[in-house]
Amino acid sequence: MAQRLATEYVKTCLQLTEAEMFRFFQMFVDHQVTLQVKVLENGNQEVVFQDGAGQEIILSFEKKSGLYECTGSCRLSNTLMANLMRKAVSEFKGSATVNRIYPSYTMVYYYERGTVVKIEEVKGQLVTVIYEYRDTIGLMQQMFQKREVEQEIEMIYDQINHLLDMRNTLQEPEEHQQIDTRLNELTHRLFILEA
């Protein structure tokens with residue numbers, strides 16, 4: 001198996017409450033990663049994570065609407081730090097593009113709301129999709145919930161019945177012609193919708 005050279009977290013986005021922020025920090029501390037938190041004047045925080053081997057990452061958390069939002073990038077060569085970041089993105093429902101860099105290729109993982117939605121293998125200019133999430137059940141539910149066509153068909157049937165009743169009560173040939181024209185339009189639309 002190829003040895004991973006580095007892991008790059010690109011376009012990482014985490015939104016944490018204050019309690020989640022504490023759990024996020026604790027996750028790193030539990031694995032002997034030291035951290036230094038610098039609280040800025042506006043409530044934002046800059047955090048430096050450092051493992052025993054000297055690997056260091058700096059993440060900035062901006063306070064927005066009661067949440068701490070971390071957006072940014074980092075490059076990790078240490079497996080422990082890379083795994084902790086992967087666990088954090090997953091556990092805290094983050095979004096990220098993660099490049100796992102190997103000597104002859106790169107595996108690109110796309111996370112949305114903590115879940116891997118796509119994996120690509122990149123070798124030079126060649127990009128191969130390895131995995132792509134498709135919400136088949138959700139798409140089918142949406143299709144079944146869409147009743148617009150059925151509702152329009154029901155409306156057309158009601159209009160046709162009403163026009164036929166009117167045609168039976170009216171005696172004027174001129175009015176019959178107008179009703180027949182409208183009935184022709186409605187039956188054509190009905191044919192299209194039912195096809």
Side-chain angles (χ1 to χ4, degrees), residues 1-40 44-143:
M1 183 169 216
Q3 180 70 30
R4 188 183 326 167
L5 301 176
T7 304
E8 264 183 337
Y9 280 81
V10 186
K11 299 180 188 174
T12 306
C13 181
L14 291 168
Q15 291 183 324
L16 309 172
T17 63
E18 202 160 324
E20 289 172 331
M21 185 93 140
F22 177 76
R23 284 189 9 239
F24 177 78
F25 292 160
Q26 194 61 46
M27 183 189 309
F28 284 86
V29 171
D30 289 347
H31 289 86
Q32 284 71 45
V33 174
T34 59
L35 60 102
Q36 295 175 338
V37 180
K38 183 192 293 183
V39 179
L40 307 174
N44 296 347
Q45 295 184 15
E46 188 175 273
V47 186
V48 179
F49 298 90
Q50 188 173 29
D51 70 354
Q55 176 80 52
E56 181 178 283
I57 57 172
I58 301 170
L59 298 176
S60 297
F61 290 87
E62 188 176 338
K63 194 166 185 176
K64 291 182 178 178
S65 305
L67 294 174
Y68 289 93
E69 186 176 287
C70 173
T71 54
S73 303
C74 60
R75 184 179 175 101
L76 307 164
S77 56
N78 181 310
T79 307
L80 170 68
M81 295 285 271
N83 286 336
L84 287 171
M85 276 300 291
R86 178 189 49 77
K87 185 177 175 185
V89 167
S90 180
E91 188 173 322
F92 297 108
K93 308 290 185 230
S95 298
T97 301
V98 180
N99 297 323
R100 294 185 181 168
I101 303 166
Y102 296 90
S104 59
Y105 63 95
T106 299
M107 297 297 289
V108 183
Y109 290 71
Y110 299 91
Y111 287 83
E112 287 180 14
R113 294 177 297 283
T115 303
V116 175
V117 294
K118 189 174 186 179
I119 302 172
E120 295 175 336
E121 179 184 60
V122 180
K123 286 185 178 180
Q125 298 298 316
L126 180 65
V127 178
T128 307
V129 176
I130 304 297
Y131 167 79
E132 189 165 14
Y133 174 76
R134 289 191 179 91
D135 186 11
T136 309
I137 293 172
L139 292 172
M140 289 180 74
Q141 284 176 336
Q142 283 179 339
M143 283 176 45

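We number each residue from 1, following the sequence as shown. Everything numeric in this text was worked out from a predicted model, so none of it was measured. As a basis for the values below, the full set of heavy atoms in this structure was taken, side chains included, without hydrogen atoms, waters or symmetry mates.
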For V98 and V10: C-alpha separation, side-chain torsions, deciding distance, then whether side chain to side chain contact (heavy atoms under 4.5 Å, CB included) applies.
CA-CA 6 Å; V98 180; V10 186; over 6 Å; no
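- Between T12 and C70 there is no side-chain heavy-atom pair separated by less than 4.5 Å.
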Could you walk me through whether Q32 and L80 pass side chain to side chain contact (heavy atoms under 4.5 Å, CB included), step by step?
CA-CA 10 Å; Q32 284 71 45; L80 170 68; over 6 Å; no
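- Between Y9 and A82 the shortest heavy-atom distance is OH-O, 3.1 Å.
- Interatomic distance, K93 NZ to R113 CZ, rounded to the nearest 0.5 Å: 10.5 Å.
- Within the model, atoms CG of L16 and CZ of F24 stand 6.5 Å from one another, a figure rounded to the nearest 0.5 Å.
- Enclosure of atom CD in E121 by more than 12 non-hydrogen atoms of other residues, nucleotides or ligands within 6.0 angstrom is indicated.
- Rounding to the nearest 0.5 Å gives a distance of 5.5 Å between SG of C74 and CG of L59.
- A distance of 9.0 Å separates CG in N78 from CG in N83, rounded to the nearest 0.5 Å.
- Taking 4.5 Å as the limit, every side-chain heavy atom of I101 sits out of range of all side-chain heavy atoms of T7.
- Residues satisfying the salt bridge (Lys or Arg N to Asp or Glu O under 4.0 Å) criterion with E91, sequence neighbours excluded, are R23.
- A 4.5 Å side-chain heavy-atom check between V89 and R86 finds every atom pair outside the cut-off.
- Remark: of the listed residues M81, Q50, E56, M81 is the sole one forming a side chain to side chain contact (heavy atoms under 4.5 Å, CB included) with V33.
- Across all non-hydrogen atoms, the minimal contact from V116 to Y131 is O-CE2, 3.6 Å.
- Between the side chain of N99 and the backbone N or O of V108 there is no donor-acceptor pair closer than 3.5 Å.
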For a side chain to side chain contact (heavy atoms under 4.5 Å, CB included) check, start with the C-alpha distance between M21 and V37, then their side-chain angles and the critical distance, and finish with the verdict.
CA-CA 12 Å; M21 185 93 140; V37 180; over 6 Å; no
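- Interatomic distance, OG of S73 versus CD of E8, reported as 8.0 Å (0.5 Å rounding).
- Contact between L35 and F25 at its shortest, heavy atoms only, is CD2-O, 3.7 Å.
- Minimum heavy-atom separation, Q3 to P103: O-CD, 3.3 Å.
- K118 meets the salt bridge (Lys or Arg N to Asp or Glu O under 4.0 Å) test with E120; sequence neighbours excluded.
- Contact record, R100 with Y102: O-CD1, 3.4 Å, taken as the closest heavy-atom pair.
- The distance from atom CD of E62 to atom CD of E69, rounded to the nearest 0.5 Å, is 6.5 Å.
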Mind running side chain to side chain contact (heavy atoms under 4.5 Å, CB included) on L84 and F49 for me, showing each step along the way?
CA-CA 11 Å; L84 287 171; F49 298 90; over 6 Å; no
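- In this structure E20 satisfies the salt bridge (Lys or Arg N to Asp or Glu O under 4.0 Å) test with no other residue, sequence neighbours excluded.
- Within 6.0 Å of atom CZ in F22, 12 or fewer heavy atoms from other residues, nucleotides or ligands are found, so the atom counts as exposed in its surroundings.
- Shown here is I137, whose CD1 atom has no more than 12 heavy atoms of other residues, nucleotides or ligands within 6.0 Å.
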